[in-house]
Trainee: 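One structure, pasted below without further comment.
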Amino acid sequence: MKKILFTLCLVVSACGVEDVGRTIDTGPDGKLVKAVSQLCALVEMRYAYFDKVSDYWNESCDRAELEARSDGSSPQTLDVLERLIDDLYDPHVNLNTNDVTSPRLIPSGADLAFRKVDGAYRVAAIRPLTSAAEANIEVGDQLVSFNQSTPEQMILERVHSGRKYISEERKSWAINAVIGGRYNEPRQLVLLRGGREFVHDLGDPQPSAPDRLLSFRKLNNNLGYIRFNNSLGADQTVDEFNKAIAALSETDGLILDLRDTPGGGNTGVAEPILGHFIDFEAPYQVTAPKGAPAYERVINPTTSTAYTQPVLVLVGRWTGSMGEGMAIGLDGMGRATVLGSQMARLAGGTEGVELVDSGITVFLPTYDLRHLDGTPRHKWIPKGDNFLSADFGNSEDLLLNTAIERLTNTKNRRIQ
């Protein structure tokens with residue numbers, strides 16, 4: 001059977017057949033084997049966080065190539081590639097397609113987030129307007145099982161290679177990935193509270209789509225509030241924000257709510273928004289390409305009259321990617337105080353690469369993004385007493401109440 005060697009490039013149609021160090025098979029199942037081998041080489045050469053998986057990545061690739069030779073049908077192709085991506089335990093890595101058996105994307109396809117507390121996995125966040133928000137679930141409830149699987153079984157469901165040592169970070173990723181569910185499966189969650197078990201049969205975790213790109217209003221005590229409705233990727237959001245900030249320009253303080261931005265966005269939307277809060281050119285985050293010098297990304301004022309009053313930014317588990325970038329940018333520029341919890345932890349910036357002969361594109365972080373203080377964006381959290389629970393489902397919004405109280409106190413101190 002003929003064997004060839006091939007290379008990778010970001011525009012696949014321009015790639016030749018060159019050496020990358022992995023031999024691939026072009027037999028009956030050659031197309032899928034080729035796609036697997038290309039993805040394996042791509043991760044090793046371009047993935048910004050390869051060090052965290054380097055100890056077992058060859059094991060992952062050997063397993064995936066064996067699976068690829070067994071069946072070249074379309075559903076199997078996705079299944080093999082999805083399991084291989086699982087071993088990166090990185091919610092910012094994804095494919096441009098799915099089928100009914102595919103896992104939902106995290107965090108945009110999830111309505112709950114769990115974290116380990118005192119040796120048990122507990123509800124840390126509940127996304128508003130979702131099936132979980134409508135159920136009798138509370139922050140702090142302990143995970144017993146999901147679709148009859150215990151937490152230990154759930155971890156092994158999504159950790160395919162490198163099982164000799166599984167980090168706590170990887171275990172947490174696996175728990176949250178499993179609870180997001182698959183498109184074609186029901187979701188039954190058993191939680192423990194006060195010694196009593198509660199069974200929850202959950203529906204689709206996606207909230208209903210908002211009818212506006214952002215919402216804004218004037219609060220009591222002459223404070224302003226603007227909430228982005230997962231809209232940082234829509235060009236029209238800039239115009240909507242311009243209208244909102246103009247209407248709230250005379251307020252004594254402003255709350256920017258970034259807790260519903262799991263879909264990320266782009267700098268063409270975020271930077272003009274950030275520019276409303278400065279009156280001079282300023283850096284807001286650091287870009288660190290793999291194998292190249294890091295550099296600061298700079299923005300300019302959007303208007304000649306910047307908003308200069310105090311600003312609080314609200315973040316939570318569904319603050320993703322560009323939302324995370326805006327939060328660390330406003331903090332790094334000294335233009336806002338950030339309140340809330342751990343964010344979505346969507347690491348770095350992604351580039352898309354089409355896998356040969358498959359029609360499938362993989363989106364992979366190829367460069368790191370950092371706070372101006374050097375902290376990787378996906379590891380940055382609000383400091384000190386600004387680290388607070390952020391997402392309470394449909395219950396009372398305690399984080400917003402805290403933000404209003406703090407801004408009101410700040411205003412009163414200025415008046416005195």
Side-chain angles (χ1 to χ4, degrees), residues 3-10 12 15 18-25 29-70 76-96 102-103 105-106 155-178 288-292 345-356 358 360-369 376 378-379:
K3 299 198 178 227
I4 63 174
L5 296 170
F6 76 106
T7 191
L8 301 165
C9 64
L10 290 179
V12 173
C15 289
E18 300 174 1
D19 185 5
V20 294
R22 290 193 68 84
T23 303
I24 61 170
D25 198 322
D29 303 319
K31 288 184 179 181
L32 177 53
V33 177
K34 246 198 236 186
V36 166
S37 191
Q38 185 188 5
L39 179 53
C40 285
L42 174 67
V43 167
E44 187 169 348
M45 291 194 303
R46 298 299 309 278
Y47 183 42
Y49 309 103
F50 179 68
D51 287 351
K52 73 174 187 176
V53 302
S54 59
D55 287 348
Y56 61 82
W57 187 241
N58 282 338
E59 177 190 342
S60 299
C61 292
D62 290 344
R63 186 204 73 246
E65 287 185 8
L66 284 174
E67 293 174 352
R69 289 190 177 92
S70 65
Q76 179 74 2
T77 298
L78 275 180
D79 192 35
V80 170
L81 295 177
E82 286 166 349
R83 283 201 298 274
L84 182 55
I85 286 173
D86 273 352
D87 279 351
L88 300 178
Y89 63 100
D90 185 335
H92 220 184
V93 180
N94 58 83
L95 305 176
N96 69 331
S102 294
L105 297 181
I106 305 299
I155 290 167
L156 294 180
E157 179 183 330
R158 298 299 288 270
V159 173
H160 312 292
S161 298
R163 289 181 171 183
K164 184 176 181 180
Y165 170 74
I166 306 174
S167 68
E168 289 301 324
E169 179 185 3
R170 196 176 181 195
K171 290 177 182 179
S172 179
W173 170 84
I175 291 290
N176 284 287
V178 169
K290 186 175 182 180
R345 303 190 72 180
L346 296 182
T350 64
E351 296 182 69
V353 182
E354 184 177 340
L355 303 178
V356 290
S358 70
I360 296 173
T361 296
V362 59
F363 294 92
L364 188 78
T366 58
Y367 54 95
D368 192 26
L369 293 171
H378 58 287
K379 294 185 178 180

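Note that the structure is a prediction, hence the values are computed from the model and not measured. Every heavy atom of this structure was used, including side-chain atoms; hydrogens, water molecules and symmetry mates were not.
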Trainee: How long is the straight-line distance from SG of Cys61 back to CD of Glu44, given to the nearest 0.5 Å?
Mentor: 8.0 Å
Trainee: Do Lys164 and Tyr56 come close enough that some side-chain heavy atom pair is under 4.5 Å?
Mentor: no
Trainee: So does Val356 get a backbone contact from the side chain of Gln38, meaning a donor-acceptor N/O pair under 3.5 Å?
Mentor: yes
Trainee: Using the side-chain contact (heavy atoms from CB on, under 4.5 Å) rule, take Trp173 and Asp86 through it: C-alpha gap first, then chi angles, then the decisive distance, then the call.
Mentor: CA-CA 10 Å; Trp173 170 84; Asp86 273 352; 3.5 Å; yes
Trainee: What I want to find out is whether Glu59 reaches Arg63 closely enough, with some N-O distance under 4.0 Å, to be called a salt bridge.
Mentor: no
Trainee: Atom CZ in Phe50, atom CG in Leu364: separation rounded to 0.5 Å?
Mentor: 11.0 Å
Trainee: Check for a donor-acceptor pair, side chain of Asp368 on one end and backbone N or O of Ala288 on the other, with a separation under 3.5 Å.
Mentor: no
Trainee: Begin from the C-alpha positions of Glu169 and Arg345 and carry the test side-chain contact (heavy atoms from CB on, under 4.5 Å) through to its verdict.
Mentor: CA-CA 11 Å; Glu169 179 185 3; Arg345 303 190 72 180; 4.1 Å; yes
Trainee: Using a strict 4.0 Å threshold on nitrogen-to-oxygen distance, state whether Asp87 and Arg163 make a salt bridge.
Mentor: no
Trainee: Which heavy atom of Ala68 sits nearest to which heavy atom of Val80, and what is that distance?
Mentor: N-CG2, 4.3 Å
Trainee: Step by step, would you call Glu67 with Leu32 a side-chain contact (heavy atoms from CB on, under 4.5 Å)?
Mentor: CA-CA 9 Å; Glu67 293 174 352; Leu32 177 53; over 6 Å; no
Trainee: Dump the intermediate steps for side-chain contact (heavy atoms from CB on, under 4.5 Å) on Glu65 and Ser37, then the final yes or no.
Mentor: CA-CA 7 Å; Glu65 287 185 8; Ser37 191; 3.9 Å; yes
Trainee: Quick one: list whatever passes side-chain hydrogen bond (donor to acceptor under 3.5 Å, both in side chains) with Glu82, sequence neighbours left out.
Mentor: Ser102
Trainee: Got a sec, which residues hit side-chain contact (heavy atoms from CB on, under 4.5 Å) with Pro365, two or more places apart in sequence or on another chain?
Mentor: Tyr47, Tyr49, Asp90, His92, Val93, Thr350
Trainee: What residues, two or more places apart in sequence or in another chain, satisfy side-chain contact (heavy atoms from CB on, under 4.5 Å) together with Ser172?
Mentor: Asn176
Trainee: Once you round to the nearest 0.5 Å, how far does CG of Leu42 lie from CG of Leu355?
Mentor: 7.5 Å
Trainee: Would a 4.5 Å heavy-atom cut-off, applied to side chains only, mark Leu84 and Cys40 as touching?
Mentor: yes
Trainee: Quick one: closest heavy-atom pair of Lys290 and Val43, and the distance?
Mentor: NZ-O, 4.4 Å
Trainee: When rounded to the nearest 0.5 angstrom, what distance separates CD1 in Ile360 from CG in Leu39?
Mentor: 10.0 Å
Trainee: Give me the atom names and distance for the closest heavy-atom approach of Ala174 to Val159.
Mentor: CB-CG2, 4.3 Å
Trainee: Might you point out which heavy atoms bring Ala177 and Arg158 nearest each other, and give the distance in Å?
Mentor: O-NH1, 3.5 Å
Trainee: Looking only at heavy atoms, which two atoms of Gly349 and Leu369 are closest? And how far apart?
Mentor: N-CD1, 3.9 Å
Trainee: Looking only at heavy atoms, what is the nearest atom pair of Tyr367 and Ala48, with distance?
Mentor: N-CB, 3.7 Å
Trainee: Would you mind reporting whether Pro91 and Leu105 have side-chain heavy atoms less than 4.5 Å apart?
Mentor: no
Trainee: Roughly how far, to the nearest 0.5 Å, is the CG atom of Leu95 from the CD1 atom of Ile85?
Mentor: 3.5 Å
Trainee: Could you give the distance from OG1 (Thr361) to CD (Glu351), rounded to the nearest 0.5 Å?
Mentor: 12.5 Å
